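Report on the structure given below.
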Amino acid sequence: MTQNIYDTPAFFEGYSQLGRSVGGLASAAEWPALQALMPDLHGLRAVDLGCGFGWFARWARENGAAEVLGLDVSENMLARARSMSTDAAIRYDRADLEVLDLPEAAFDLAYSSLTLHYIDNLAGLFRTVHKALVPGAKFIFSMEHPIFMAPSRPGWSIDAEGRKSWPVNGYLVEGPRVTDWLAKGVIKQHRTIGTILNLLMTAGFAIAHVEEWKPTKEQIIARPELAEELERPMFLLVAAQR
């Protein structure tokens with residue numbers, strides 16, 4: 001089963017205070033790049049894998065989606081999502097993505113934000129998503145970039161002049177990474193970019209877009225703290241087609 005760290009009270013409390021948890025999609029620096037990958041949503045049936053507070057589900061409905069299914073392993077996340085909308089065309093269900101089962105050809109779009117790096121059985125999940133999409137449908141997702149995830153002790157190294165760098169070790173050693181983020185013992189699954197893309201293609205997807213996200217000049221002007229994100233990629237964004 002997926003580690004359900006989000007139902008740990010201390011972790012959930014910390015997560016709830018993050019900027020993106022409070023401000024939603026508009027507060028997620030990578031959202032404009034993800035939004036640019038979206039198809040016309042009018043009339044589409046969408047599934048959100050790891051829906052969290054339901055920000056994407058509500059955005060999808062506001063932009064014409066016919067119905068959205070939000071899935072998450074966390075009861076805390078689902079309760080918050082349900083409290084933020086009464087839209088009958090949005091359904092939130094509890095699901096473990098490690099063993100997910102979805103009906104065949106039931107969706108026109110699959111989406112996932114910063115969830116897939118927690119999944120051990122990623123190959124199985126990709127096969128499930130492929131089966132659940134109609135031909136021509138898109139699968140759009142973000143995840144922590146493998147360079148960001150790879151180090152055994154992730155963090156900045158600062159030299160005598162105050163310059164930051166992100167030391168990477170063990171990049172080619174795939175498998176669990178245990179980190180302390182909002183709580184101790186958070187388990188993530190490190191894979192190389194090559195492995196991630198090959199798993200997608202093996203599942204039957206065609207790769208449409210791959211982006212190692214970085215902030216734009218305009219974003220850095222508005223939020224100077226984002227300048228450090230130019231030193232290493234934090235997010236990997238992918239669009240694939242069924």
Side-chain angles (χ1 to χ4, degrees), residues 1-8 11-13 15-28 30-31 33-35 37-119 121-122 124-134 137-144 235 237-240 242:
M1 180 176 177
T2 303
Q3 182 190 35
N4 187 7
I5 195 72
Y6 288 85
D7 278 348
T8 303
F11 187 97
F12 185 73
E13 176 64 22
Y15 179 84
S16 297
Q17 296 176 28
L18 295 178
R20 65 178 59 226
S21 299
V22 176
L25 300 180
S27 297
E30 76 282 8
W31 171 244
L34 277 170
Q35 185 177 355
L37 301 176
M38 294 291 166
D40 180 354
L41 294 181
H42 284 84
L44 299 191
R45 301 160 298 167
V47 59
D48 184 357
L49 308 170
C51 64
F53 289 177
W55 295 106
F56 175 77
R58 293 188 292 277
W59 177 86
R61 281 285 292 147
E62 290 166 2
N63 285 271
E67 56 187 58
V68 185
L69 173 63
L71 302 174
D72 208 290
V73 73
S74 166
E75 293 286 6
N76 282 343
M77 292 289 201
L78 294 169
R80 182 69 62 86
R82 290 172 183 138
S83 74
M84 297 174 76
S85 173
T86 57
D87 187 342
I90 301 176
R91 190 173 92 244
Y92 296 111
D93 287 345
R94 188 169 190 265
D96 181 356
L97 301 186
E98 294 282 5
V99 292
L100 182 64
D101 185 30
L102 292 172
E104 187 172 350
F107 302 99
D108 309 293
L109 172 69
Y111 172 80
S112 184
S113 172
L114 301 181
T115 296
L116 300 185
H117 50 265
Y118 294 114
I119 305 303
N121 183 26
L122 195 60
L125 179 59
F126 283 170
R127 291 193 298 269
T128 296
V129 174
H130 186 270
K131 180 190 73 172
L133 291 174
V134 299
K138 281 191 172 183
F139 179 21
I140 298 169
F141 64 85
S142 66
M143 62 190 303
E144 287 189 0
F235 303 126
L237 315 183
V238 178
R242 163 74 157 86

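Computed over heavy atoms, backbone and side chain alike; hydrogens, waters and symmetry mates excluded. Here the structure is a predicted model, which means the values were calculated and not measured.
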| D96 side, atom CG; D72 side, atom CG - distance, nearest 0.5 Å | 10.5 Å

| request: Check whether any side-chain heavy atom of L133 sits under 4.5 Å from a side-chain heavy atom of D108, and report yes or no. | output: no

| Is the backbone of L114 close enough, under 3.5 Å, to the side chain of S142 for a donor and an acceptor to pair up by distance? | yes

| task | Determine whether V73 and L97 make a side-chain contact, defined as any pair of heavy atoms from C-beta on separated by less than 4.5 Å. | result | no

| task | Quick one: list whatever passes side-chain contact (heavy atoms from CB on, under 4.5 Å) with D93, sequence neighbours left out. | result | L69, L71, R91

| field | Between CZ on residue R61 and CD1 on residue I90, distance to nearest 0.5 Å | value | 6.5 Å

| query | Can you find a heavy atom in the side chain of F139 that is under 4.5 Å from one in the side chain of L49? | reply | yes

| message | If you define the side chain from C-beta out and look only at heavy atoms, does anything of D87 sit under 4.5 Å from R58? | response | no

| said: With heavy-atom distances below 4.5 Å as the criterion, would you say the side chains of R94 and E75 are in contact? | reply: yes

| request: Compare all side-chain heavy atoms of V238 with those of I140 and state whether any distance is below 4.5 angstrom. | output: no

| said: So, taking the atom named CG in L41 and the one named OH in Y111, what distance separates them when rounded to the nearest 0.5 Å? | reply: 11.0 Å

| said: To the nearest 0.5 Å, what is the distance between OG1 on T115 and CD on E144? | reply: 10.5 Å

| From S85 OG over to R80 CZ, what is the distance, rounded to the nearest 0.5 angstrom? | 14.5 Å

| task | Return each pair, listed once, that meets ring-ring contact (aromatic ring centres under 6.0 Å, His included) where at least one residue sits in residues 59-98; pairs must be two or more places apart or across chains. | result | W31-W59, F56-W59

| query | If you round to the nearest 0.5 Å, how far is NZ of K131 from CZ of F107? | reply | 11.0 Å

| field | Partner residues of E30 under the salt bridge (Lys or Arg N to Asp or Glu O under 4.0 Å) criterion, sequence neighbours left out | value | R20

| remark: Correct closest heavy-atom pair for F53 and M77 would be CE2-SD, 3.3 Å

| Check: H130 main-chain N/O paired with R242 side-chain donor or acceptor under 3.5 Å | yes

